[in-house]
Engineer: 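The structure follows.
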Amino acid sequence: MGQSRRLRSGPGGAPRLGTGPERAGGGRAGSSGAAMAAPGPRQRGGGRPCPWPAARRRLPVLRWLPRYSPAWLRLDLVAGLSVGLTVVPQALAYAEVAGLPPEYGLYSSFMGCFVYCFLGTAKDVTLGPTAIMSLLVSSYAFHEPVYAILLTFLSGCIQLAMGLLHLGFLLDFISCPVIKGFTSAASITISFNQIKNILGLRGIPRQFFLQVFETLRRIGETRAGDAVLGLACLAVLGGLRAMKSRLPRATRVEPLPVRVSYLIVWTTTTARNALVVLFAGLVAYSFQVMGSQPFTLTGSIPQGLPAFRLPRFSMATPNGTIPFPSMVEDMGVGLAVVPLMGLLETIAIAKAFASQNDYRIDPNQELLAMGFANILGSFVSSYPITGSFGRTAVNAQSGVCTPAGGLITGALVLLSLAYLTSLFYYIPKAALAAVIISAVVPMFDAGIFRTLWRVKRLDLVPLCVTFLLCFWEIQYGIMAGMLVSGILLLYSVARPPIKVSEVSDGDMLLVQPWSSLHFPAVECLRDAVCSHALTAASPPRSVILDCCHISSIDYTVVAGLAELLQELHKHGLSLAFCSLQDPVLQVLLSADLEGFQHFPSREEAERCGGAEPGGSGAAPSASTSQSSLLPAGLIQ
């Protein structure tokens, strides 16, 4: 595996480790990803056996830390700072989406960075509060920090259990149309939820339809200062985003002024959220000094780090104490939706960037990392966290080499909590609303409707069901979309495509199922055979069932085939099987079907003209090792 090191240009022409096979240190990806993706008994860079193979498997940090290069430190530092400058303003804004005080956004932004550094298998992924998770918390935590923190703890326990039991495959049952429908609806819901802050309106309900009605009814109460500032921030953020997407990459061969200019523009566009919020805060502070304040401000945020303690398993209210069972009952289906959506978002992001940057991830290890991140996060008053696509993209574009960049991001958040919270008082809510809208608008995928219309229109059904119902209640949208997707999946199993054609001038009927047969498909197969074989004006002499696409059958199918054999026999027709795969042949032979006959290939079945009822077919395929052990009467 001794490939050579190749450096590529990073921001400002800085060398960046290659993302192809030529990774530093003798591994793939001069990054944690590739190093962590090969949990063998030997390290990539050396030949000595690892004394703790189990520890390396559960602690991916042990795979890349011994090979850590000083050249990676600068790149991880730049990436960590870039993500930190993005996460701090976003954390304050996402807490508003979650219906929690702004400090809880910061409390949720550092523990995941530290935990993922030790347990994560993707170098690019960064954990923290996201728009979608904040929206879910708003729905299931009832704007109560105690509920939100308990939801974090329970979600982490569920995710950890799924990782230990290797249940990551359950995420495969959430189809892409359901995900797209949910994220598109969430984009609209979150964006419109922030319109009230852009316009400076107060007392707007959080239910989407009531929110739309009240916003339109009270639009005349708009505060001019908030509206002007919010729209200006939106315009600046949109312009900087567009500038970054069109920014050509500078190389080391460029003149120094060009590389410096590139670095300035790249830094400005990457840290656009922090710069816009900083500028808006300075404007608000200037007005405060002059004795007037046209903006709605964030207000006081407690200074200092959160206490490290167990989450509370009950909540005191003026009417008494809400016990733990009642809190769990209140959260209801959220205990399934929140951990599943968190895992889905994280693994989808990790797979996307692992494929892009040529390394592998371990989905079950990702479940463990998410579980531990949420469990430990609940000890520092975090609400549920997941992988952030936007911040992960910033991390990757900054040239991050290992998850150590997350340590820098987490440290920056801690420094902000310790020393900068007094400055957050002057941040206008309109600026934070602009940050949120700028982050979630790209989540709306208008092209998916057109794509599905062109590719497979039936998939528009779960997409539209999820999209529309999510405006009513998120859980109803997701559950209904999954239900519709499940029904469509079962329908395809119950009604597999079956091609029926005549061969040998109509003497034989060739029936070709194009997928495996399971019990819901029995009647479909029988109807397809009987409708062509028994009702034709000139019925065929025999029926050939081509099984080359059938890899598995169940007992109900076997029983149905036995009935079909008898029914065709009564009408003087034979049924022969051909191209049986070994597992299917074993089942049919073991069933001892009366009149069962088969041929190795379709051509041989057609050449033999099928077989007469009660006649003999060809011998079973030679690849079936147990055939010779069966009684001769079973091999017709």
Side-chain angles (χ1 to χ4, degrees), residues 97-98 130-141 155 158 167-193 195 205-213 331-349 351-352 384 386 389 440-497 515 518 520-521 524:
V97 177
T130 65
I132 288 180
M133 194 54 63
S134 300
L135 181 63
L136 294 175
V137 170
S138 174
S139 299
Y140 300 117
S155 296
I158 293 171
L167 296 180
F169 71 91
L170 294 177
L171 300 177
D172 297 336
F173 289 93
I174 305 178
S175 66
C176 183
V178 173
I179 298 171
K180 290 291 187 179
F182 166 64
T183 55
S184 296
S187 172
I188 296 175
T189 302
I190 295 170
S191 297
F192 206 90
N193 179 263
I195 295 296
R206 301 186 72 89
Q207 208 283 330
F208 179 75
F209 296 108
L210 293 176
Q211 196 176 89
V212 173
F213 174 76
M331 289 184 281
V333 71
L335 291 175
V337 173
V338 170
L340 284 178
M341 292 308 298
L343 291 174
L344 183 66
E345 194 172 2
T346 301
I347 292 178
I349 292 169
K351 285 184 176 180
T386 184
F389 186 86
V440 301
V441 163
M443 288 165 43
F444 181 79
D445 188 0
I448 189 63
F449 294 90
R450 183 172 60 254
T451 300
L452 292 182
W453 179 265
R454 186 178 65 252
V455 175
K456 189 175 182 181
R457 296 178 184 178
L458 198 59
D459 283 341
L460 282 170
V461 178
L463 173 71
C464 293
V465 167
T466 306
F467 179 76
L468 294 175
L469 288 183
C470 277
F471 291 116
W472 178 26
E473 288 287 349
I474 293 173
Q475 63 268 30
Y476 296 155
I478 296 175
M479 293 173 64
M482 293 178 63
L483 178 62
V484 172
S485 294
I487 292 173
L488 294 178
L489 177 63
L490 292 177
Y491 181 82
S492 66
V493 172
R495 295 295 180 267
S515 65
H518 301 285
C524 178

Engineer: Any chance you could measure L483, atom CG, to L488, atom CG, to the nearest 0.5 Å?
Structural biologist: 9.5 Å

Engineer: Between CD1 of I132 and CD of E345, what distance do you get to the nearest 0.5 Å?
Structural biologist: 4.5 Å

Engineer: To check you understand the geometry: which heavy-atom pair defines the closest contact between P205 and Q211, and what is its length?
Structural biologist: O-NE2, 3.2 Å

Engineer: Just one of F182, W472, F449, Y476 clears the ring pair (Phe, Tyr, Trp, His ring centres under 6.0 Å) bar with F467, so which one?
Structural biologist: F449

Engineer: Nearest 0.5 Å please: distance from the CD atom of Q475 over to the CG atom of L469.
Structural biologist: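 Q475 atom CD to L469 atom CG measures 10.5 Å (nearest 0.5 Å).
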
Engineer: Could you grab the distance from atom OG of S139 to atom CD of Q207, nearest 0.5 Å is fine?
Structural biologist: 10.0 Å

Engineer: Do D445 and T183 pass the side-chain contact (heavy atoms from CB on, under 4.5 Å) test, and can you show the C-alpha distance, the side-chain angles, and the key distance before you say yes or no?
Structural biologist: CA-CA 8 Å; D445 188 0; T183 55; over 6 Å; no

Engineer: Which atom names give the shortest non-hydrogen contact between M133 and G342, and what distance separates them?
Structural biologist: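 M133 and G342 have their closest heavy atoms at CE-CA, 3.4 Å.
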
Engineer: Rounded to the nearest 0.5 Å, how far apart are CG of L340 and CD1 of I478?
Structural biologist: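 Interatomic distance, L340 CG to I478 CD1, rounded to 0.5 Å: 9.0 Å.
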
Engineer: Can you check whether M341 reaches T386 side chain to side chain, under 4.5 Å on heavy atoms?
Structural biologist: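 They are not in contact (no side-chain heavy atoms under 4.5 Å apart), so the answer is no.
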
Engineer: Would you name the heavy atoms of M443 and S184 that are closest together and state the gap between them?
Structural biologist: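 Shortest heavy-atom contact: O-OG, 4.1 Å.
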
Engineer: Hey, does the side chain of S492 reach the backbone of L489 with a donor-acceptor pair shorter than 3.5 angstrom?
Structural biologist: yes

Engineer: Restricting to non-hydrogen atoms, name the atom on L463 and the atom on P177 that form the minimum distance, rounded to 0.1 Å.
Structural biologist: CD1-O, 3.2 Å

Engineer: If every non-hydrogen atom of F389 is compared with every non-hydrogen atom of I349, which pair is closest and at what distance?
Structural biologist: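 Residues F389 and I349, closest heavy atoms: N-CD1, 3.3 Å.
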
Engineer: Going by heavy atoms in the side chains, are I179 and I174 under 4.5 Å from each other?
Structural biologist: yes

Engineer: On a heavy-atom basis, which atom in V465 and which in A480 lie closest, and how many Å separate them?
Structural biologist: CG1-CB, 3.7 Å

Engineer: Quick one: CG on L135 to OG1 on T189, what's the gap to the nearest 0.5 Å?
Structural biologist: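 With rounding to 0.5 Å, CG (L135) is 6.0 Å from OG1 (T189).
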
